[in-house]
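Encoded as structure tokens, the structure appears first; notes follow it.
Residue numbers start at 1 and run along the sequence shown. Just follow the structure's listing: the first ligand is 1, and inside any ligand the first atom is 1.
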Amino acid sequence: MYETLEVERKAGFVVVWLNRPDKLNALNAQMLQELQDLFVNIANDASVYAVILSGRGKAFAAGADIAELHRLNADTGESFAHRGQGVMNAIEQCGKPVIAAVNGYALGGGCELALACHLRFASTKAKFGQPEVNLGIIPGYGGTQRLPRVVGVAIALEMILSGEMIDAEQAARIGLVNRVYPPEQLMEETERFVQLLLQKGQAAIQAALRAVLAARELSLSDGLQFEARAFGQLCGTPDFLEGTAAFLEKRQPRFQHQ
Ligand code: COA
């Protein structure tokens, strides 16, 4: 049981709600700890194939908890950033697709949390921004590294230097958001997308995720090696035999996820 998160288990996936709506889901130490714990469990839970992360109330997350930030000093700031980065890494590396359903403000650490997710779907009410310069700091939960990888250096710099918010349509235009929906359709459409993923062989889904994430870390030649190895391993799986047989027999595949 978590105090700052609400976890709904569904068939094959989980929906995680950030649940401090009175504080716009600001990421305090407890919420970070609970997210870390949850995503380690998700990584080890073979019955979970996908995750949707969203926020209760009018925010996705309005950033790191500024009351906690205010107490930092030159001795504690670096480890604070490492701690948050570790949580973002645990989400990104959990091995299953994680989709942020961004219902409202995704600012500072909230935007970084959305960036640690693999896909971002947004409601038309969502607002994104990295306003840390307004507080005399820079993003510390991965924003300076993940944002430019998603939207390019110039646009990342524009957001991080100005601290200005952008709306969902702008976020979609720059590639920060994959899809935009009216607020009342956001969860339904995100779940519909997850259902689409659940119809695939999950060994392939998870290998695809690993390979694309590896692309950020590896040279092209090492990345191509990584891809070929993963492709080869999948060619030895029951799901590959089933998927190709089903196509040839003009029927739907029945994957065993192995
Ligand atoms: N940390 C701690 N508390 C936060 C918070 C944060 N990042 N963001 C919002 N809150 C709290 C507010 O202090 C307020 O608490 P209170 O009711 O006890 O006073 C509550 O959440 C509601 O926020 P409020 O500012 O009243 O809502 P609003 O609709 O007027 O404004 C925002 C919304 C998002 C524009 C505004 O809350 C904001 O600018 N938040 C900080 C964003 C930020 O700089 N994040 C980066 C942190 S690294």
Side-chain angles (χ1 to χ4, degrees), residues 2-6 16-36 53-92 100-117 120-151 155-171 174 176-177 180 183-184 186:
Y2 297 113
E3 276 180 36
T4 67
L5 305 177
E6 196 182 314
V16 180
W17 299 94
L18 305 172
N19 194 21
R20 293 179 78 208
D22 52 325
K23 295 291 179 190
L24 304 187
N25 301 321
L27 300 158
N28 62 2
Q30 185 180 8
M31 191 184 275
L32 287 175
Q33 180 57 49
E34 292 185 355
L35 278 169
Q36 169 98 37
L53 180 61
S54 194
R56 288 288 189 212
K58 70 176 178 180
F60 177 72
D65 190 311
I66 297 173
E68 288 184 3
L69 284 180
H70 184 63
R71 294 195 288 271
L72 293 177
N73 58 45
D75 294 328
T76 55
E78 185 172 339
S79 58
F80 179 91
H82 280 308
R83 168 97 195 81
Q85 287 176 4
V87 178
M88 303 305 148
N89 290 344
I91 294 170
E92 190 174 57
V102 182
N103 49 304
Y105 293 114
L107 302 176
C111 190
E112 292 167 297
L113 179 61
L115 282 163
C117 299
R120 284 158 292 282
F121 291 2
S123 111
T124 48
K125 285 194 179 159
K127 296 251 191 296
F128 296 81
Q130 296 288 168
E132 286 87 350
V133 288
N134 298 329
L135 304 172
I137 47 175
I138 63 171
Y141 291 174
T144 67
Q145 304 304 303
R146 289 195 176 91
L147 187 60
R149 284 166 164 86
V150 172
V151 302
I155 292 174
L157 275 175
E158 184 180 349
M159 287 178 69
I160 291 170
L161 297 182
S162 72
E164 283 179 351
M165 287 188 225
I166 59 171
D167 65 21
E169 291 300 337
Q170 286 172 288
I174 64 175
L176 178 54
V177 154
V180 180
E184 64 281 6
L186 176 63

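- For Ala64, a nitrogen or oxygen atom sits less than 3.5 Å from a nitrogen or oxygen atom of ligand 1, counting backbone and side chain alike.
- A heavy-atom distance below 4.5 Å is not found between the side chains of Phe128 and Leu107.
- Pro131 and Gly108 get closest at one heavy-atom pair: CD-N, 3.3 Å.
- Evaluated by nearest non-hydrogen atom to atom 44 (O) of ligand 1, the leading choice among Pro139, Pro131, Gly63 is Pro131.
- Nearest to atom 17 (O) of ligand 1 among the protein's heavy atoms is Asp22 O, 4.4 Å.
- Per-atom contact check: atom 38 (C) of ligand 1 does not touch the protein, criterion being a heavy-atom distance below 4.0 Å.
- Considering backbone and side-chain atoms together, Ile66 places an N or O closer than 3.5 Å to an N or O of ligand 1.
- The presence of a protein heavy atom under 4.0 Å from atom 23 (O) of ligand 1 is confirmed.
- Protein heavy atom nearest atom 28 (P) of ligand 1, with residue, atom name and distance: Lys58 NZ, 3.9 Å.
- No side-chain heavy atom of Trp17 sits under 4.5 Å from any side-chain heavy atom of Tyr2.
- Residues meeting the salt bridge (Lys or Arg N to Asp or Glu O under 4.0 Å) test with Glu158, sequence neighbours left out: none.
- Side-chain contact annotation: Thr4 with Glu34, donor-acceptor N/O pair under 3.5 Å present.
- Between Leu24, Val133, Leu107, it is Leu24 that holds the heavy atom closest to atom 9 (C) of ligand 1.
- At a distance under 4.0 Å, no protein heavy atom can be found next to atom 30 (O) of ligand 1.
- For ligand 1 and Asp65, the ligand atoms under 4.0 Å from any heavy atom of the residue are 1 (N), 2 (C).
- Looking at atom 5 (C) of ligand 1, its nearest protein heavy atom turns out to be Ala26 CB, 4.0 Å.
- Counting only heavy atoms of the protein, atom 10 (N) of ligand 1 lies nearest to Lys23 O, 3.9 Å.
- Inclusion of Ala62 in the set of residues having an N or O under 3.5 Å from an N or O of ligand 1 is warranted.
- By the 4.5 Å heavy-atom criterion applied to side chains, Met88 and Leu35 are not counted as neighbours.
- Asn103 and Phe60 make their closest contact through OD1-CA, 3.4 Å (heavy atoms, listed as atom of the first residue, atom of the second, distance).
- Counting protein heavy atoms under 4.0 angstrom from atom 46 (C) of ligand 1 gives one or more.
- The shortest N/O to N/O separation between Glu132 and ligand 1 does not fall below 3.5 Å.
- Residues Leu27 and Asp65 form no side-chain contact, since every pair of their non-hydrogen atoms from C-beta on lies 4.5 Å or further apart.
- At least one side-chain heavy atom of Lys58 sits under 4.5 Å from a side-chain heavy atom of Leu24.
- The shortest side-chain heavy-atom distance between Arg146 and Glu112 does not fall under the 4.5 Å cut-off.
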